[in-house]
Amino acid sequence: MPRTGTGHLERLPSGSYRVIVYSGIDPLTGRQLRHRQTAKTEQQARIVLGRLLEQAVSGQRPGSDVTVAEVFDRYMSVAELEPSTRETYEGYIRRTILPALGSMELRKVRGPVLDTFYARLHRCGDLTCTGRRFTEHSRFPVLNVKVGSRQPAWQQVAETIRDAISTGRLELGEQLPSVRQLSVRHGVSVATLQDALGALASEGLIEIRQGRRSVICGDPNEAASSRRVRPNDADHDCARAGCEQHRCRPMSPATIRQIHSILSGAFAAAVRWEWIDRNPAGSAKLPKARHRAPTSPTPAAVAAIIGKARDLDQDLLALYLWLAAVTGARRGELCGLQWADIDLDAGVVHIAFSYLVRAGYKMRKDTKTHQDRHLAVDPVTVAVLRDRFQQVQDLLGSVGLKLAPTAYVFGNDLPGTTPWNPDWVTHKVAEIAKAAGVSLNIKALRHYTASQLLAGGIDLRNTAARLGHGGGGATTLRHYADPVSEVDRRAAAYLAQLTASTGSSGTAPQT
Ligand SMILES: [Zn+2]
Ligand SMILES: [Zn+2]
């Protein structure tokens, strides 16, 4: 291996000269840094050689043939991003950016390349799609239940699916057909299928999602590219497997703009590292985004959705919506809330963690802005929380169990060992909003809190603190000896009163 800071000239068949300089190993990519440049005459070549050697010795990278994938490797290892932002970035990089541009040399990426890429995504977000018709083959195995086997039917079904997962036939993030579809196609009873899927879920191989199709544990957006290829088993029957004609799903302008900003950030870093001279994203054409101003829901809309949740016997979800409206907590923050975080006697909710599901891994992380905060809650909310607490304790007590302090308030099971998946909550809230005839999501509830507090004359800095925004809010909170300020307490009472008073018979969720 050549020494760092050495170089030589080569005479090319054309008569011109090639200068080659080694400047060591890139500690990040592990590749040898070698720079080549051609010059017409020997004298020019010697000048170039001198300049490049000087740069190599002074540690400057003299240009490079790094690929876009290598740029992202390095960029993501040094970029300072909030956990949820990093998660979003990594998803787009893995699913969209790397498959399309990863192997491309960074220096060859120009505005027009990006224009074509964005136009392509605008037509269809599936990178394997060429615009021609094709069938998306289901890789789901045939479920043959042997009658008279000593193994129960549900175990046979579970084993077939388990094998398909372990061999990679069914990929991470792939959705399973619904139990009804499976039952019809494979002639297996719904009960058998439910037992089999339940077993697989308890092994952590699949995730059963209420109201949605079950998914092989993993990132739900991971497109299984192999679906273009027909599985080569003799008994693959498209009708029976439920294979469908591919339908193009255009990527939204907002998503394309997000991908663009990720590319632009990484390229800007590459410019700073002197890997390229200018940022190619600067001249790319972007699809126009339709701007939708964030509208803050009215108290009536908030009351309507909470009331609807109660009408539908979704009391726990009603409590979740109520807490979102009166605390302004983020979706994952409420999912991550444990009983130990709530001080019912003091009327304080401590928001310190956020629950997120990433590539099938579930974790409880610091809050988005790494500020934990103590929120005052009003007496009505305290009473509702206390009722729920008591109810869960009583039910558990009746079967000889005790509620653990680490139990999740919003859990899939009564002991609260696993919290709700934030995506499931979004889905459920959308369903209930639709049923209630209001347009509202969890993010809008945060807007509600902010705008109502401001309209009610509650101090802005306190509002920021309540919502967990960085800057002034946190500083304000730190100045109070008591973790919960008097202003915050007034804010809590005001919000609860506002949310409850617009409902016909009071909106506080009953548990
Ligand atoms: Zn097929
Ligand atoms: Zn398509």
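In this text, all values refer to a predicted model and were calculated from it rather than measured experimentally. The basis for the numbers below is simple: all heavy atoms, side chains too, and nothing from hydrogens, waters or symmetry mates. For reference, positions follow the sequence shown, starting with 1. One-based numbering, in listed order, for ligands and for the atoms of each.
The pair K428-E431 meets the salt-bridge criterion, with a side-chain N (NZ, NE, NH1 or NH2) lying under 4.0 Å from an Asp/Glu carboxylate O. Ion pair E203/R162 flagged as a salt bridge, since at least one NZ, NE, NH1 or NH2 atom sits closer than 4.0 Å to an Asp/Glu carboxylate oxygen.
I432 is not listed as a side-chain neighbour of K434, based on a closest heavy-atom distance of 4.5 Å or more.
Between NE2 of H246 and SG of C248, the angle at the Zn ion (ligand 2) works out to 110°, rounded to 10 degrees. Put simply, the angle at the Zn ion (ligand 1) from ND1 in H137 to NE2 in H236 is close to 110°, to the nearest 10°. Remark: at the Zn ion (ligand 2), atom SG from C129 and atom SG from C124 enclose 120°, rounded to the nearest 10 degrees.
Here the two rings, on W420 and Y320, have centers that are under 6.0 Å apart.
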